[in-house]
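Taking it in order: structure first as structure tokens, then the write-up.
Here, residue 1 is the first one in the sequence, and each next residue gets the next number.
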Amino acid sequence: MPLRDFTAVPYLPLIDVRPAVLLALDELPEKDKDLLLPMFKLRPWVGTESIEHVTTRLVRSYGTRPCFLEMGEPEFVDPEKARQVHLDLGKLRLSESGYQNWVDFFERGECKHFIPVVQLADREESLAQAQSLGALGRGLAVRIDANRVDAGQFARFVAGATDSGRDVVFVLDYGKQGSGYPTHRQVVKSQVERVLDECQNTTAIAISASSFPDGFTSITKQEIFERSLFNKLREDFPGKVIYSDRGSARAEALSGGGGLPAPRVDFAKSDEWVFYRQDKESAMSPTLSYQRQAKLLMESTDWDPKLKLWGCQMIEKTAIADETGIFSANRCTAARINIHLHQQLCYGNPSALYDTDEDWTDL
């Protein structure tokens, strides 16, 4: 039996192991964490020397609840600056003997609550890997770059190693998307149908993308396009698809440069994001600029005074210039993600949306 009943999962966010994202998860209500099923991407944590520091940080955010863990992409590091964690992650990516190092990693005592995600770089070795990981009895996930890979072919491949996909969650990841994404319903529907045809026992298929904007000049709000498409697919495949996104983060990190971003305060709603940003140059200090944007948000019809979350509390603190509020881009990101995760988890369920009676902890 898998560690979670995948058919009952309402939301499967893809979570990158970065400070703002994990802060947002830290401050999510515990009852939300019980319902979420995140997929964490294993990568170096800030300044860490070992993988154990990374897994310990994940436990701090999410406890030992069952969750997916996938290998992050290789990151270029100057050899002179490489830490032990970079070397250890490189070993986990080795495909020899059916990715044996990756399989052994999940057998460690501190990793017993992680549900493995199959590495797909070496297709020949991935078959033995999927068999070994599936034999752990925790369930299994396969994340497919659906823009570049034939999902049906991969499903056929996985089916042969997992009793026709039994206890497997396929994540069809469409990456960065824009306003045209909801019009792709027939394309995505066809790919879901192919996976279900090839893997008759597959538990569920998560549909994931990210339409969070790259720029904010003259933009005050944007529809959550991945939610729009999913609502249509849910009608096509009732009980078989899971909503997934990147928690209102981008599919790809922006490159550096360009100086500090203009002060901005975001608010996540169920179907859209709204942005309050200082678009013009101002002699106002950053602190006063953030304060002004927070006040404008709270005075608008976008604000929901009934929603009691840590992210909302940060906006309220910013409006009164409390130094623990939002006065940096990272803090803005953490507050938005915190609200977005709750909004999507409780989508279409107002009673759950406002049931957040829990103490917050300031870090």
Could you walk me through whether S289 and Q278 pass the side chain to side chain donor-acceptor pair (under 3.5 Å) test, one step at a time? CA-CA 7 Å; S289 294; Q278 178 188 294; 2.4 Å; yes

Decide yes or no on side chain to side chain donor-acceptor pair (under 3.5 Å) for T324 and D322, but give the supporting numbers first. CA-CA 5 Å; T324 63; D322 186 308; 2.7 Å; yes

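Partners of A319 under the side chain to side chain contact (heavy atoms under 4.5 Å, CB included) rule, at least two apart in sequence or in another chain, are A294, K295, M298. For E198, the side chain to side chain contact (heavy atoms under 4.5 Å, CB included) partners are A155, R156, not counting sequence neighbours. By the side chain to side chain contact (heavy atoms under 4.5 Å, CB included) test, E75 pairs with R43, P44, sequence neighbours left out.
Tracing side-chain contacts under 4.5 Å through hydrophobic residues (I, L, V, M, F, W, Y), one never reaches F267 starting from Y347; they form parts of separate clusters.
Residue pairs meeting the side chain to side chain donor-acceptor pair (under 3.5 Å) criterion with at least one partner in residues 117-140, sequence neighbours excluded, are S95-D122.
For the pairing with T162, the side-chain contact (heavy atoms from CB on, under 4.5 Å) check across V142, L140, V118 returns one residue only, L140.
Side chains of N231 and Y243: a donor-acceptor N/O pair is absent below 3.5 angstrom, by distance only. Side-chain atoms of S50 and H53 form a donor-acceptor pair, as typed in the model, at a separation below 3.5 Å. No hydrogens or angles considered: nothing links the side chains of T56 and R60 as a donor-acceptor pair under 3.5 Å.
Members clustered with V9: L3, F6, L12, L14, L37, M39, F68, I115, V117, V169, V171, I242, by chain and number, using a 4.5 Å side-chain heavy-atom cutoff among hydrophobic residues. Under a 4.5 Å side-chain heavy-atom criterion applied to ILVMFWY residues, the cluster that includes I320 comprises that residue alone.
More than 12 heavy atoms of other residues, nucleotides or ligands sit less than 6.0 Å from atom NZ of K112. When the shell of 6.0 Å around CZ of R292 is examined, it contains 12 or fewer heavy atoms from other residues, nucleotides or ligands.
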